[in-house]
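Throughout, protein chains are lettered first and strands after them, A, B, ... in sequence-line order, and every chain is numbered starting at 1.
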2 protein chains.
Amino acid sequence: MSSYEKVLVALRRVIRATDLHSKRLSKHAGLTGPQLLIMRTIRDLGEVTIGTIADHVSLSQATVTTILDRLEHRGLVYRVRSTRDKRKVHAHLTEQGEELLAQAPNPLQEDFVQKFQSLDEWEQTMILASLQRVANMMNADDIDASPVLTVGSMLKDDGWKEKA
Amino acid sequence: MSSYEKVLVALRRVIRATDLHSKRLSKHAGLTGPQLLIMRTIRDLGEVTIGTIADHVSLSQATVTTILDRLEHRGLVYRVRSTRDKRKVHAHLTEQGEELLAQAPNPLQEDFVQKFQSLDEWEQTMILASLQRVANMMNADDIDASPVLTVGSMLKDDGWKEKA
DNA sequence: ATCTAATGTTTAGAGTTGTAAGTATTTCTG
DNA sequence: CAGAAATACTTACAACTCTAAACATTAGAT
């Protein structure tokens, strides 16, 4: 079994764990991971457009729309069409939404967060860098003028190309 | 922005990249990532049950069933109920399925594989270990008697608890 | 031998996700 | 200003994913 095949398996396990946690969240807190993430974005950024939300949470605009549909239907969020530019739509939390969000748990497993934070700093850095590196390598074909990823630059914070 | 929040973002990016690639695969090769993965498992393991497939690809049994439904409908796979134990169902590739699979590309971005393999060995090891570590930390609450994860044991191959 | 528990798969229902096409609005160009 | 191009969002559709419940079969217990 080649090394990258192991990466594939590890990836599937990570993705699955994330999904399972999302389902668990939805049962206990009434919000799934993506819903939670989107609401947090709205809270933190204030008067956001749908597109901005999509960028922030790494989802397509269409996906955010459908999730907002559900949230709006439940009275946790409302939309206002911008008067300045009527193409734009701004999302806001309702009072009920803010309350629910305030009580809601982390979008990541508490358990995971706790474990992660108890790691040595260098280890946290390494894990984060690895994940970002993987994300960059995977996204490379989406980004036309992708930066040259220097081998061995791992521990530098290379972040990733913010969409222009 | 705390360190684990960056992890969350990186994770979303990785998951999204995986998803996008799957959609792309489905367009070019006619098979999505999970379909491809399942078919490879059938090819490599021979006479497998649905449950075994599910374990191997880190998906629930129900998910594998629905994916097999689609594959069977397209004549790429067929099911045979075991005569020994009539609860069991074995999945096989049809000739057409084998052909398609032979031509199909990697379930992971070629580009990614290439980049990954061009990394220094220590870096590959580090990335793989990081991913496995994240997967382990996330899965911990699913596994009752989870092993104690020693801080700093990163580079040892701790794999993960194989289901008993 | 029968009832119960365990095992293996499928079905039902809900949520997330993407692409492509459709609609509305704004901006640019002649 | 009229038409074309760009921008922002929504709708339609297909796939994936899970849990819970239903179903069938086998294994174990009395």
Side-chain angles (χ1 to χ4, degrees), chain A residues 12-38 48-55 57-74 79-91 107 142 163-164, chain B residues 12-38 48-55 57-74 79-91 107 142 163-164:
Chain A
R12 273 239 35 85
R13 289 214 306 132
V14 169
I15 291 173
R16 174 146 211 243
T18 303
D19 200 25
L20 290 180
H21 179 62
S22 175
K23 299 273 153 91
R24 233 174 299 148
L25 271 181
S26 134
K27 221 181 145 179
H28 296 324
L31 290 172
T32 65
Q35 289 172 348
L36 200 44
L37 233 40
I38 286 176
V48 268
T49 63
I50 314 302
T52 308
I53 297 174
D55 282 353
V57 298
S58 280
L59 291 172
S60 77
Q61 213 170 38
T63 301
V64 174
T65 290
T66 54
I67 294 177
L68 282 180
D69 286 346
R70 262 185 283 274
L71 292 176
E72 193 168 28
H73 184 71
R74 286 173 57 188
R79 289 187 249 212
V80 180
R81 188 161 287 273
S82 167
T83 44
R84 290 229 221 106
D85 184 340
K86 278 193 255 169
R87 290 170 305 182
K88 292 183 180 171
V89 173
H90 296 293
D142 291 335
K163 204 173 293 173
Chain B
R12 274 240 35 87
R13 290 214 305 132
V14 169
I15 291 173
R16 175 146 210 242
T18 304
D19 202 21
L20 290 179
H21 180 62
S22 176
K23 298 275 154 86
R24 232 173 302 149
L25 272 181
S26 133
K27 219 180 144 180
H28 297 322
L31 290 172
T32 65
Q35 289 172 349
L36 200 45
L37 232 42
I38 286 176
V48 267
T49 63
I50 314 302
T52 307
I53 297 174
D55 282 351
V57 296
S58 279
L59 291 172
S60 77
Q61 213 171 36
T63 301
V64 174
T65 290
T66 55
I67 293 176
L68 283 180
D69 286 345
R70 264 185 284 272
L71 292 175
E72 193 167 29
H73 185 72
R74 286 173 56 188
R79 290 187 248 213
V80 180
R81 189 161 286 274
S82 166
T83 44
R84 289 232 219 102
D85 182 339
K86 276 192 252 165
R87 292 169 304 181
K88 292 183 181 173
V89 173
H90 296 294
D142 291 335
K163 203 175 293 176

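- Counting to the nearest Å, the C1' atom of dT17(C) and the CG atom of D69(A) are 14 Å from each other.
- In this structure, H90(B) places its NE2 atom 11 Å from P of dG8(C), rounding to the nearest Å.
- Taking CD1 of I67(A) as the start and OG1 of T32(A) as the end, the distance is 6.0 Å to the nearest 0.5 Å.
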Under the side chain to side chain contact (heavy atoms under 4.5 Å, CB included) criterion, do H90(B) and V48(B) qualify, and how do the steps go?
-> CA-CA 5 Å; H90(B) 296 294; V48(B) 267; 5.9 Å; no
Tabulate atom names and distances for all N/O pairs under 3.5 angstrom spanning the protein and nucleotides 23-28 of chain C.
from, atom 1, to, atom 2, distance (Å)
dT26(C), OP1, K86(A), N, 3.0

For side chain to side chain contact (heavy atoms under 4.5 Å, CB included), just list the numbers for H73(A) and D69(A), CA-CA rounded to whole Å, side-chain angles, deciding distance to a tenth of an Å, and then say yes or no.
-> CA-CA 6 Å; H73(A) 184 71; D69(A) 286 346; over 6 Å; no
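- Between the T18(B) side chain and the V14(B) main chain, a donor and an acceptor come within less than 3.5 Å of each other.
- Between the side chain of R79(B) and the backbone N or O of V89(B), no donor-acceptor pair lies under 3.5 Å.
- The span of DNA chain D lying next to chain B, judged by atoms under 4.0 Å from heavy atoms, is bounded 5' to 3' by dA15(D) to dT26(D).
- Residue-to-nucleotide proximity on DNA chain C shows that, of K88(B) and T63(A), the 5′-proximal contact is made by K88(B).
- Summary of the strand contacts: T52(B) and K27(B) both lie near DNA chain C, and taking for each the nucleotide with the nearest heavy atom, the more 5' one is attributed to T52(B).
- In this structure a side-chain-to-backbone donor-acceptor pair under 3.5 Å is present from T65(B) to Q61(B).
- In this entry the distance linking CD of E72(B) with P of dT10(C) reads 9 Å, nearest Å.
- Once rounded to the nearest 0.5 Å, the distance linking CD1 of I38(A) with CZ of R70(A) reads 10.0 Å.
- Here the P atom of nucleotide dT16(C) and the CD1 atom of I53(A) are 14 Å apart, to the nearest Å.
- Atom-to-atom distance recorded for T63(B):OG1 and L68(B):CG is 11.0 Å, nearest 0.5 angstrom.
- Of the residues R81(B), R87(B), K88(B), the one that meets the side chain to side chain donor-acceptor pair (under 3.5 Å) test with D85(B) is R87(B).
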Kindly determine whether R16(A) and S60(B) satisfy side chain to side chain contact (heavy atoms under 4.5 Å, CB included), including the steps that lead there.
-> CA-CA 9 Å; R16(A) 174 146 211 243; S60(B) 77; 3.7 Å; yes
Would L31(B) and L71(B) count as a side chain to side chain contact (heavy atoms under 4.5 Å, CB included) if you check the C-alpha gap in whole Å, the side-chain angles of each, and the deciding distance to 0.1 Å?
-> CA-CA 9 Å; L31(B) 290 172; L71(B) 292 175; 4.0 Å; yes
Return the polar atom pairs (N/O with N/O) between nucleotides 12-15 of chain C and the protein under 3.5 Å, or none.
none

